[in-house]
Amino acid sequence: MLAFTLLKNLYYELDPVKMPDSRETRRGDARFRLVPLQLPETPEFTELIAEERYVPYGSLYYFYINDDRSHAELTDLRSKRFLLSFYRTLFPNYLKEEYRAGFPLDDSPETAKLLSSINILDCFEVDHMPGYDRGYAYHEILTVEDLRAGKTGDEHKPKTAFPGMTFTDKYRPK
């Protein structure tokens, strides 16, 4: 499995349509999906933010745990514990059989040693994870089906009449 595939899956699994607790915000060329969490095995993880950032000819994906404002690395022990706990709780069929149950996720040194020896990308059954292909190369393209479904995306565009004109915070639509 590629790191890009795992991060993309994490972003798309937090879709507000699939998870009612998830909320999506947009800032510039990036979309953020935030979901509050209650994972029984790791109660210290309370929030997950997944980011999709548009760049020329593609997208980049990141994730943030709790209040950290620097994106989490897949090689970090904390990120490995979080990802195993998250997928074990919410999407256990994405994990290989040996990581679904019986694999410890506590704060003990034995667990830290075990987590440092594994590659998180080898823990997943890629064939069980859905693919998320885009319909079009440019995400600004709208189809008639999108218009009929109300997916125009106009709520994120500025409503000014002159180029370069911006609203003050007092008059900005919320």
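Heavy atoms only: backbone and side chains are in, while hydrogens, waters and symmetry mates are out.
Between I65 and R78 there is a side-chain heavy-atom pair separated by less than 4.5 Å. You'll find the side chain of D67 reaches within 4.5 Å of the side chain of E47, heavy atoms only. Using a 4.5 Å cut-off on side-chain heavy atoms (C-beta onward), Y87 and F124 make contact. Side-chain atoms of L95 and L84, non-hydrogen and from C-beta on, do get closer than 4.5 Å to each other.
Y62 meets the ring-ring contact (aromatic ring centres under 6.0 Å, His included) test with H71; sequence neighbours excluded. For E41, the side chain to side chain donor-acceptor pair (under 3.5 Å) criterion is met by R88, not counting sequence neighbours. T46 pairs by the side chain to side chain donor-acceptor pair (under 3.5 Å) definition with N66, not counting sequence neighbours. By the side chain to side chain donor-acceptor pair (under 3.5 Å) test, R23 is found to be paired with no residue, residues two or more places apart in sequence or in another chain being considered. Under the side chain to side chain donor-acceptor pair (under 3.5 Å) criterion, E97 pairs with R100, not counting sequence neighbours.
Neither I49 nor M19 shares a network with the other; the hydrophobic side chains, linked directly or stepwise wherever heavy atoms of I, L, V, M, F, W or Y lie under 4.5 Å apart, form separate groups for each. Linking Ile, Leu, Val, Met, Phe, Trp and Tyr whenever their side-chain heavy atoms come within less than 4.5 Å puts Y11 and F91 in one cluster.
Side-chain contact, Y94 with E125: no donor N or O sits under 3.5 Å from an acceptor N or O.
Not one N or O on the side chain of R53 forms a donor-acceptor pair closer than 3.5 Å with the backbone of A30. Side chain of K96 to backbone of D122: a donor-acceptor contact under 3.5 angstrom is found. With hydrogens and angles ignored, the 3.5 Å screen pairs a side-chain donor or acceptor of T89 with a backbone N or O of S85. A distance-only check finds no donor-acceptor pair linking the side chain of K18 to the backbone of E13 [under 3.5 Å].
For Q38, the CD atom sits in a loose shell: 12 or fewer heavy atoms of surrounding residues, nucleotides or ligands are nearer than 6.0 Å.
The ring-ring contact (aromatic ring centres under 6.0 Å, His included) analysis of residues 22-47, with sequence neighbours excluded, yields the pairs F45-F82.
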